[in-house]
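Naming: A, B, ... by sequence-line order, numbering from 1 per chain.
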There are 2 protein chains.
Amino acid sequence: MDGKIVNLKSKLEIYKAMTAGANFADCPVRDVMRGINGKWSPLLVMALAEKPYRFGELRRLVPDISQRMLTQTLHELQRDGYVHREVFPTKPPSVEYSLTDLGRSMFHPLYQLVQWAELNHEAVREARATFDAD
Amino acid sequence: MDGKIVNLKSKLEIYKAMTAGANFADCPVRDVMRGINGKWSPLLVMALAEKPYRFGELRRLVPDISQRMLTQTLHELQRDGYVHREVFPTKPPSVEYSLTDLGRSMFHPLYQLVQWAELNHEAVREARATFDAD
DNA sequence: TGTAACGGTCTCAAAAAGAGAGCAGCACTA
DNA sequence: TAGTGCTGCTCTCTTTTTGAGACCGTTACA
């Protein structure tokens with residue numbers, strides 16, 4: 001493995017942290033990763049990293065999310081402390097979602113991963129084509 | 001947002017890339033993220049980043065994965081080009097899984113995210129406790 | 001002869017996600 | 001003043017995904 005970037009000892013520690021325990025409650029890393037790892041969570045965090053959005057705006061922005069999953073995912077992100085939800089007493093009331101400091105801090109490594117995906121999607125595409133050809 | 005680390009222009013580009021198109025086929029970034037984002041994929045990539053493992057070893061290492069999901073996740077990781085599967089003609093045949101170059105390159109940003117989770121799991125725990133208290 | 005390990009597949013039940021109707025409150029229009 | 005639309009949801013129903021666990025053929029070893 002690449003020792004220049006990743007030190008083996010700490011890597012082993014993380015790896016052990018992820019595999020320790022028989023259930024999620026026993027493994028903090030997997031517990032946190034689970035909240036980040038959802039189908040819609042990264043997308044919404046990426047969107048909110050740009051600027052705060054209202055419920056309806058997010059819905060129009062991500063046309064293929066169901067209202068149910070948008071509500072639910074935002075609720076989970078709020079619970080985990082990544083997203084702040086603010087209700088404005090307009091008529092009808094509008095609700096704005098924004099990233100918290102914790103959310104912005106999590107955005108940085110997430111962004112690295114998304115950037116990797118952007119740079120390497122062609123390689124993944126090719127790998128799939130080669131694999132499916134057999 | 002933090003302009004020191006993330007340039008707004010490229011961030012907007014990524015964000016647009018993630019929200020473009022009505023389905024996955026139209027959005028390469030989400031398409032790739034989907035393969036990385038599975039419930040078990042990050043865990044298996046972390047494990048294989050340490051060293052190659054055989055099927056049974058992975059099963060013992062991650063006791064709460066079902067055999068079905070282990071087979072399926074490894075198959076998907078192999079299809080996307082992150083994992084190499086090698087069969088040795090022993091009796092009975094043994095199968096070794098290892099990370100490819102693409103897999104190792106993806107491991108780096110993934111590791112950043114896992115590291116973030118390790119450093120911040122206490123903050124997430126607290127956020128949840130506060131949220132649930134209301 | 002019987003049992004165990006290897007790396008799976010198959011079936012069935014449970015959980016999660018998607019589609020879409022319904023809802024209460026207010027503003028605006030006809 | 002009746003109708004329509006916008007807000008941010010929740011509820012129900014159907015489809016997809018995941019989980020639990022039995023089964024499988026081959027081979028080694030007791």
May I ask you to evaluate whether [X] reaches the phosphate of [N], defined as a side-chain N or O under 4.0 Å from OP1 or OP2?
X	N	answer
R54(B)	dG7(C)	yes
R60(A)	dG8(D)	no
K39(A)	dG18(C)	yes
Y53(B)	dG7(C)	no
W40(A)	dA16(C)	no

Review point. Mind checking what makes side chain to side chain contact (heavy atoms under 4.5 Å, CB included) contact with S66(B), not counting sequence neighbours?
Key: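 Here the qualifying residues are R68(B), M69(B).
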Study note, to complete from the structure: Residues at least two apart in sequence or cross-chain that pass side chain to side chain contact (heavy atoms under 4.5 Å, CB included) with T130(B), listed by chain then number, are none
Can you tell which of [options] lies closest to the side chain of [X]?
X	options	value
Q72(B)	dA27(C), dT18(D), dG8(D)	dT18(D)
F55(B)	dG7(C), dA27(C), dT10(D)	dG7(C)
R85(B)	dT17(D), dG7(C), dA17(C)	dG7(C)

How close or far is atom [atom2] of [N] from atom [atom1] of [X], stated in whole angstroms?
X	N	atom1	atom2	value
D64(B)	dT18(D)	CG	P	15 Å
M69(B)	dT17(D)	CE	P	10 Å
E76(A)	dA16(C)	CD	C1'	11 Å

Practice item. Assess whether atom NZ of K91(B) is packed by more than 12 heavy atoms of other residues, nucleotides or ligands within 6.0 Å. Key: no
Point to revise | Exceeds 12 heavy-atom contacts within 6.0 angstrom, atom CZ of R59(B) | key: no
Exercise for review: Quick one: sort the Y97(A) and F55(A) rings into parallel, tilted or perpendicular, breaks at 30° and 60°.
Suggested key: tilted
Check your understanding: Is F88(A) touching bases, backbone alone, or none of the nucleic acid, heavy atoms closer than 4.0 Å?
Key -> nothing
**Study point:** Check ion pair R104(A)-D101(A) (N to O, under 4.0 angstrom)
**Key:**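 Salt bridge flag = yes for D101(A) with R104(A).
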Shorter than 3.5 Å, N or O on both sides, protein versus nucleotides 21-25 of chain D: list them out with atom names.
none

Check your understanding: Tell me, do W40(A) and D64(A) make a side-chain contact under 4.5 Å, heavy atoms counted?
Key ->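 Sidechains of D64(A) and W40(A): in contact.
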